[in-house]
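A short worksheet on the structure shown next.
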Amino acid sequence: MPELPEVETVVRDLRPALVGRIVRSAAAGPLALRVPWRGEWAALVAGATITAIRRRGKWILIDLQGGGALLGHLGMTGQLRVLRADEPAESHTHLSFTLDDGHELRFRDIRRFGSFQYLAAASDLDTFIGERLGPEPWDLQPASWYRDLRSSRRPLKALLLDQAVVAGVGNIYADESLFAARLPPRQRGALTTRVQAERLRLAILATLDQAIAARGSTIRNYVGGSGLEGGFQHEHRVYARAGKACLVCGELIHMMRLAGRSTHWCPGCQRSSRVRS
DNA sequence: CCGACGTCCTGCTAGC
DNA sequence: TGCTAGCAGGACGTCG
């Protein structure tokens with residue numbers, strides 16, 4: 001479910017409820033997440049003060065006093081919320097962290113593609129993130145971004161989904177960004193011009209900024225850290241609009257399978273630029 | 001080495 | 001109305 005704007009919304013929602021709180025205890029349900037929660041982590045987390053909560057790509061980092069950290073990923077259906085400890089846990093709640101103010105941080109995940117793990121040192125965190133994630137979209141350097149696109153034969157859609165190329169873009173925002181940049185999802189990275197690369201970079205930033213302002217997109221399960229649904233699904237211009245008229249040119253939005261994901265685009269607006277010999 | 005594809009899991013719904 | 005195949009905001013391992 002959650003891409004960068006949704007994760008950013010969760011983190012912003014949770015920050016005031018978490019920073020400064022002390023974790024009293026941690027408890028896991030019987031079903032394993034993608035990374036199984038280890039029993040010994042509970043003792044390492046208990047008693048620690050939460051000093052920060054931040055986002056990197058689609059990952060959530062909760063820093064603990066003493067250098068440890070919790071590292072979470074929402075997968076497709078993950079929800080991370082702070083609720084009163086006396087509220088009954090919803091179905092599919094797999095992890096609960098009791099806080100010192102009568103609340104609990106709860107991780108709920110229907111499909112269990114998400115994960116939550118404890119890392120003992122900041123260097124572990126840096127290594128974990130470093131070997132998976134490229135730059136945040138706002139940190140992309142035009143020159144290296146252009147070089148990365150040019151050096152690959154993969155379709156632009158596949159490059160946008162690759163977290164090592166740019167961190168945080170997922171299926172919705174890849175399609176919306178390519179539409180905003182007027183580039184066809186199937187275009188090979190190697191055929192991208194400097195002008196197109198810059199158009200795409202700026203389209204990603206604009207799309208993500210708008211989505212964050214709308215608190216992300218709720219298609220099925222997503223809610224923010226306060227339990228609120230997102231609003232950006234009402235502003236999608238191609239995603240889940242197959243068969244409907246393009247809001248810019250009126251042609252029908254198409255859907256195809258690309259890089260293993262459903263891909264939505266407008267054949268009128270996103271034409272391949274002819275390479276002339 | 002790179003890129004395409006299958007797999008993990010549950011729930012909802014489009015289409016028969 | 002009732003059933004079921006197929007699909008869903010992701011990441012990663014494997015295969016060619």
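By convention in this document, chain letters (A, B, ...) are assigned in the order of the sequence lines, proteins followed by strands, and residues within each chain are numbered from 1. This structure is a prediction, so every number in the text was calculated from the model and none was measured.
The strand DNA chain C forms stems, runs of 3 or more Watson-Crick or G-U wobble pairs with distances below 3.5 Å, at B:2-8 with C:10-16, B:10-16 with C:2-8.
The only member of A/Phe97, A/Trp59, A/Trp41, A/Trp37 that meets ring-ring contact (aromatic ring centres under 6.0 Å, His included) when paired with A/Phe116 is A/Phe97.
Spacing of P atoms, B/dG6 relative to C/dG6, comes out at 13 Å, to the nearest Å. Here the separation of C/dT1 from B/dG11, taken at their P atoms, is 24 Å to the nearest Å.
Here A/Gly170 lies in heavy-atom contact (under 4.0 Å) with sugar-phosphate atoms only. Within the nucleic acid shown, A/Ile219 comes within 4.0 Å of at least one base atom, counting heavy atoms only. When heavy atoms are screened at a 4.0 angstrom cut-off, A/Tyr239 is found touching the sugar-phosphate backbone but no base atom.
Set against B/dG11, B/dA4, C/dG10, the side chain of A/His92 has B/dG11 as its closest nucleotide. Among the nucleotides B/dC8, B/dG3, C/dA8, the one closest to any side-chain atom of A/Arg153 is B/dG3. For A/Glu3, the listed nucleotide lying nearest its side chain is C/dG10; candidates were C/dA8, B/dA4, C/dG10. Relative to the side chain of A/Gln163, the nucleotides C/dA11, C/dG10, B/dA4 differ in distance, and C/dA11 lies closest. Comparing atom distances between the A/Ser262 side chain and each of B/dA4, C/dA8, C/dC12 picks out C/dA8 as nearest.
Using a 4.0 Å cut-off between charged nitrogen and carboxylate oxygen, A/Arg201 and A/Glu198 count as a salt-bridge pair.
Between the side chains of A/His94 and A/Asp109, not a single donor N or O lies within less than 3.5 Å of an accepting N or O.
For A/Phe113 and B/dC9, the ring-to-base geometry does not satisfy the stacking test (centroid distance below 5.5 Å, interplanar angle below 30°).
A/Leu83 and A/Leu99 fall into different hydrophobic clusters, where Ile, Leu, Val, Met, Phe, Trp and Tyr are joined by side-chain heavy atoms under 4.5 Å apart, directly or via other members. With hydrophobic clusters built from ILVMFWY side chains whose heavy atoms lie under 4.5 angstrom apart, A/Leu178 shares a cluster with A/Leu205.
Rounded to a whole Å, the CG atom of A/Asn171 is 6 Å from the P atom of C/dG10.
For A/Arg38, the CZ atom is loosely surrounded, since the number of other residues' heavy atoms within 6.0 Å does not exceed 12.
At a cut-off of 3.5 angstrom, the base of B/dA4 holds no donor-acceptor pair with the side chain of A/Arg154. Within 3.5 Å, a donor on the side chain of A/Arg111 pairs with an acceptor on the base of C/dA8, or the reverse.
Annotation: of the two residues near DNA chain B, A/Arg112 and A/Ser152, the 5′-most nearest-nucleotide partner is A/Ser152. Remark on DNA chain C: of its neighbouring residues A/Arg220 and A/Trp59, the 5'-side contact belongs to A/Arg220, judged by nearest-heavy-atom nucleotide.
Taking only side-chain nitrogens and oxygens, A/Arg34 never comes nearer than 4.0 Å to OP1 or OP2 of B/dT7. Remark: A/His73 is in phosphate contact with C/dA11, judged by side-chain N or O atoms under 4.0 Å from OP1 or OP2.
Closest non-hydrogen pair, A/Gly134 versus A/Arg56, comes out as O-NH2, 2.9 Å.
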